[in-house]
Amino acid sequence: MQIGLVGLGRMGGNMRERIRNAGHTVVGYDTDPQRSDVGHLSDLVDRLDRPRAVWVMVPAGAVTQQVIDQLASLLKPGDLVVDGGNSRWTDDEKHAKELGARGIGFVDAGVSGGVWGLKNGYALMVGGDKEHVDRLRPVFDALKPEGPYGFVHAGRVGAGHFAKMVHNGIEYAMMQAYAEGWELLEKVDSVTDVREVFRSWQEGTVIRSWLLDLAVNALDEDEHLDRLRGYAEDSGEGRWTVEAAIDNAVPLPAITASLFARFASRQEDSPQMKMIAALRNQFGGHAVESAKKA
């Protein structure tokens with residue numbers, strides 16, 4: 001299968017490689033010419049046979065809107081656009097309507113896997129019409145992990161990004177729980193090797209998880225996280241999850257509290273946020289801030 005891929009950053013670049021490794025043709029475009037296969041977005045479109053499929057992997061919001069607008073003017077009826085970034089689900093409905101007026105299909109894909117996706121595969125949560133999703137299955141199969149899990153056609157347009165939003169909300173709460181437990185263990189005198197306590201939980205316990213494995217990785221690199229400042233950003237999905245909960249009258253105390261805990265990191269060098277920052281760096285390659293030297 002042929003597919004265009006717009007945005008070749010941390011995620012997009014690895015996705016291009018994984019799709020190519022599965023035997024498909026990928027034409028990639030990025031504003032960085034060192035990464036790009038073509039000079040312009042119009043060149044990408046020209047390189048693809050009709051009906052075309054173009055996957056957009058750029059930052060949510062204005063940048064995604066700009067790319068969608070450009071593709072709307074370049075593509076033809078019967079072509080298909082996939083938004084694999086972290087767009088808000090309400091934007092998906094808008095984009096589907098705009099492209100649909102030109103006869104262009106639209107699929108939204110929530111993508112999880114971070115910097116590990118090239119090796120382990122990406123979990124995909126997809127929204128859109130069945131005929132559009134089925135057309136893209138060879139690419140979805142190339143990106144997903146081996147085995148029966150890691151892909152879901154979650155529902156109509158917007159369902160993929162809504163599912164990914166909730167996934168990220170759950171991620172917030174899980175990371176916060178690990179961070180709180182780590183701080184408490186570090187605080188008491190009786191526990192002399194917190195890193196090994198975390199390591200011991202990796203097998204045989206009900207709280208074992210990939211996030212726990214990544215926490216151990218982070219502690220192996222910096223045993224007490226002394227090199228990190230206790231600061232962690234919050235992405236749009238965490239806020240959107242809480243807003244959706246309010247709109248639907250669904251209580252989310254753990255997820256909401258974990259979002260508010262990130263706000264605390266804006267005010268002080270929070271020990272918990274050191275662990276959150278370390279975990280975000282481990283699974284997503286997100287930037288961390290160094291601790292200030294005394």
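Around the CZ atom of R10, the shell of radius 6.0 Å holds more than 12 heavy atoms that belong to other residues, nucleotides or ligands. Counting non-hydrogen atoms of neighbouring residues, nucleotides and ligands closer than 6.0 angstrom, the CZ atom of R50 exceeds 12 such neighbours.
Using a cut-off of 4.0 Å between Lys/Arg side-chain N and Asp/Glu carboxylate O, D220 and R199 are scored as salt-bridged.
Every residue two or more places apart in sequence or in another chain that forms a side chain to side chain donor-acceptor pair (under 3.5 Å) with K130 is listed here: D134.
No continuous path of hydrophobic side-chain contacts links V115 to L5 [ILVMFWY only; heavy atoms under 4.5 Å]. No chain of hydrophobic side-chain contacts below 4.5 Å, direct or via other Ile, Leu, Val, Met, Phe, Trp or Tyr residues, connects V107 to I68. Note: the hydrophobic cluster containing V6 does not contain F140 (ILVMFWY, side chain heavy atoms under 4.5 Å, direct or indirect links). The hydrophobic cluster containing M57 does not contain V45, counting ILVMFWY residues as joined when their side-chain heavy atoms lie under 4.5 angstrom apart, directly or transitively. Under the 4.5 Å side-chain heavy-atom criterion for Ile, Leu, Val, Met, Phe, Trp and Tyr, L136 and V111 are members of the same hydrophobic cluster.
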Stepwise side-chain contact (heavy atoms from CB on, under 4.5 Å) check, L71 with V67: CA-CA 6 Å; L71 288 173; V67 174; 3.9 Å; yes
Steps toward side-chain hydrogen bond (donor to acceptor under 3.5 Å, both in side chains) verdict (D91, S87): CA-CA 7 Å; D91 289 342; S87 294; 5.3 Å; no
side-chain contact (heavy atoms from CB on, under 4.5 Å) between M275 and M175, worked out: CA-CA 8 Å; M275 176 58 80; M175 288 196 291; over 6 Å; no
Verdict with supporting geometry, F106 and E98, side-chain contact (heavy atoms from CB on, under 4.5 Å): CA-CA 10 Å; F106 179 82; E98 292 169 349; over 6 Å; no
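The list of side chain to side chain donor-acceptor pair (under 3.5 Å) pairs with a residue in residues 20-36, not counting sequence neighbours, reads R20-D37. Counting only residues at least two apart or on different chains, the side chain to side chain donor-acceptor pair (under 3.5 Å) pairs with a member in residues 70-82 are R52-D79. Sequence neighbours left out, the pairs with a member in residues 237-264 that pass salt bridge (Lys or Arg N to Asp or Glu O under 4.0 Å) are R88-E243, D234-R239.
For the side-chain contact (heavy atoms from CB on, under 4.5 Å) with L214, the lone residue among L212, V216, N217 that qualifies is N217.
Between F283 and W210, the ring planes lie tilted relative to each other; the angle falls in the 30° to 60° range. Between F198 and W201, the ring-plane angle classifies as tilted under the 30° and 60° cut-offs.
Between the side chains of Y172 and T241, not a single donor N or O lies within less than 3.5 Å of an accepting N or O.
V152 shares a hydrophobic cluster with M125; the chain of contacts runs through ILVMFWY side chains whose heavy atoms sit under 4.5 Å apart. Annotation for Y149: hydrophobic cluster partners, listed by chain and number, are none (ILVMFWY side-chain heavy atoms under 4.5 Å, direct or chained).
Counting heavy atoms from C-beta on, the side chains of L219 and W182 come closer than 4.5 Å.
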